[in-house]
Amino acid sequence: MAKKILLVEDEEDILKTLELILTKEGFFVTTAQDGVAALNKLRTEVFDLIILDLMLPKWDGFKLCAAIKQDKRHRETPVIVLTAKAQESDRQRCLEYGVDEYMTKPFDPDILITKIKALIERSRDIS
Amino acid sequence: MKKIRFLKFGNLTETIFWIIILTAVIFVNISPQIIFVNISSQLVRTLRVQFMLAFSLFFLILVFNRLVAFLPSSKKRNFLKIFVYSLFLTLFFYTFSLKRVGLGVLYLLPVLVSFSLSLSLITQPRALVLILVAMSLFLLGDIYWGAYISAAAELTLPVIFSKVFSLSLLSIFGYYLYRSQQSAAEQASIYSSKLRDANEELNRKTTELEKANERLKELAEIESRFVATVSHELRTPLTAIRNSLKLIEYETKGNNSVDDYLGIIKKNVDRQALMIDNLLDLARIERGYPQGGRSQVDLSKVIGEVVDLLKEEAHKKGIQLSFKSENAPAIVWADQEQIRRVFINLMDNGIKFTPAGGWVEASIVDAGDDIKAIVSDNGPGIAEEHKEKIFEAFVQLEDKDTKSTSKGIGLGLTIVKEITELHKGRVWFESELGKGTRFFVLLPKDLRK
């Protein structure tokens, strides 16, 4: 069965291209363009992995991250954060929020794919 | 600042003046007989009148001085002063030489006024003492020669001399006191206005400083926002481009000429991404890197990752990129992202400058308290004249011999040096023209020590 990924990203071009890439790689991708939309998706579905942009309209990535890690159903879901900021403080905060991977834009899609696969593999091993 | 003194002992002329005056007073007025003078009702009367006389004279001099101060020319002023003093003295001498004691009552009012004035004016104990000494000498002189008013039947030479001399002395004291107090008051008002000005200036400066400080904070805030925004705006399009390239790659797999073009686009996107990182890093270095985010970092893992990252690019250039690890973790206390930057920049440099067929090699050596990482290549080497400035910002070596088609803005090594030093480490190199270059990065295992 195809693994489900929730992709939260407000930049349309990145969202669209990344969605296509991940679909090509065989994942089932659900997208959201802001924090609130992402929360709505999380209310009804459980994903195998979540990709988050930090700078989001409405709820920002940190808030979303905290919500995910507090939710029993999503606590074990690996989270990859994408950010264009690359500020040390952001990185530190992400680690504190229990983010599994932190990637700075412009990330290499190949590396992202590798990391996604590794994280899903790992979480499957754990469960 | 000028010190205000009643007696300016620093001034030789003045000191001599005072010494002469005091010696003369003592010489004239004191004699052994003084001790044997009978204290009588006459003496009491004399004392009263003489006090009146002294103070009223003092008062008149004060008033006169104030009036004289309005005269413009100092020559005229002095002339007038001498004239009026002489007049005063003659007048007083004449008045008190007569047997009319009752006349002293007329001076009661000026005496009271002058007394209150002198009390307010005499703030310096030294001045007060001098005045009292002079007055006592004056009185004693009178008593000694029996020339107190009621008894002054005739004007003998000693009587005239005693009175004139003592009165002159008193007037001089009075004048001096007045002058010094006046100048003290003037100075005090000058100082207090200066002090007020200085205070205002200080307040103004403080406000200015506060404003400047506020402004600096704002600027730092703006700068930080600017860097974040620029960073975001520069990185986002590149991400979209990279993703699109990846999508095109799926479609065109196997089409060699398209893959070549895609390769060129990808290479340049990578280069631009690196340049953005370097520029932003430099901006952050100039603001001072935040010290947070340090943890135990395995150098061999970081370098291994960097080698994997750059391997493809090196391969395309026909350069052998390798990592000779000792297979043992080399843990340093560092900021992983920053350390990654160091090795990306060093190896990227090596790949950039080494011609096709060459090699770039990274290795790690345990050096006791430190880990020594080495990045070497067999490129063209660094010419002697460039060795000193390769760590400077925006220095790109232009050397015909290297024939390098290097692109960049010359920030890589600057950032390497800054980051290494932030980690209390050291970076240096050995290079020989035509043979290659070896960069050494020494990082302490535990910089908390």
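Order of the sequence lines sets the chain letters (A, B, ...), proteins ahead of strands, with each chain counted from 1.
- Below 4.5 Å, heavy atoms of chain B meet heavy atoms from A/Lys24, A/Glu25, all part of residues 24-42 of chain A.
- Shown are B/Ile371, B/Asp298, B/Asp370; of these, the side chain to side chain contact (heavy atoms under 4.5 Å, CB included) with B/Val332 is made only by B/Ile371.
- For A/Lys4, the NZ atom is densely surrounded, since the number of other residues' heavy atoms within 6.0 Å is greater than 12.
- Within the 4.5 angstrom heavy-atom criterion, no atom of A/Leu22 approaches chain B.
- Taking 4.0 Å as the cut-off between side-chain N and carboxylate O, B/Glu421 and B/Lys417 count as a salt-bridged pair.
- Contact of the B/Asn349 side chain with the B/Leu413 side chain is registered, since non-hydrogen atoms from C-beta on lie closer than 4.5 Å.
- Using a 4.5 Å cut-off between heavy atoms, A/Leu82 does not touch chain B at all.
- In terms of heavy-atom pairs under 4.5 angstrom with chain B, the leader among A/Ile111, A/Leu112, A/Asp108 is A/Asp108.
- A/Tyr97 meets the ring pair (Phe, Tyr, Trp, His ring centres under 6.0 Å) test with A/Phe62; sequence neighbours excluded.
- With rounding to the nearest 0.5 angstrom, the CG atom of B/Asp308 is 7.5 Å from the CD atom of B/Glu305.
- Heavy atoms of B/Leu309 lying under 4.5 Å from chain A belong exclusively to its side chain.
- The existence of a salt bridge linking B/Asp259 and B/Lys253 is excluded, since no basic side-chain nitrogen approaches an acidic carboxylate oxygen closer than 4.0 Å.
- Between A/Lys105 and A/Asp53 a salt bridge is recorded (basic side-chain N to carboxylate O distance below 4.0 Å).
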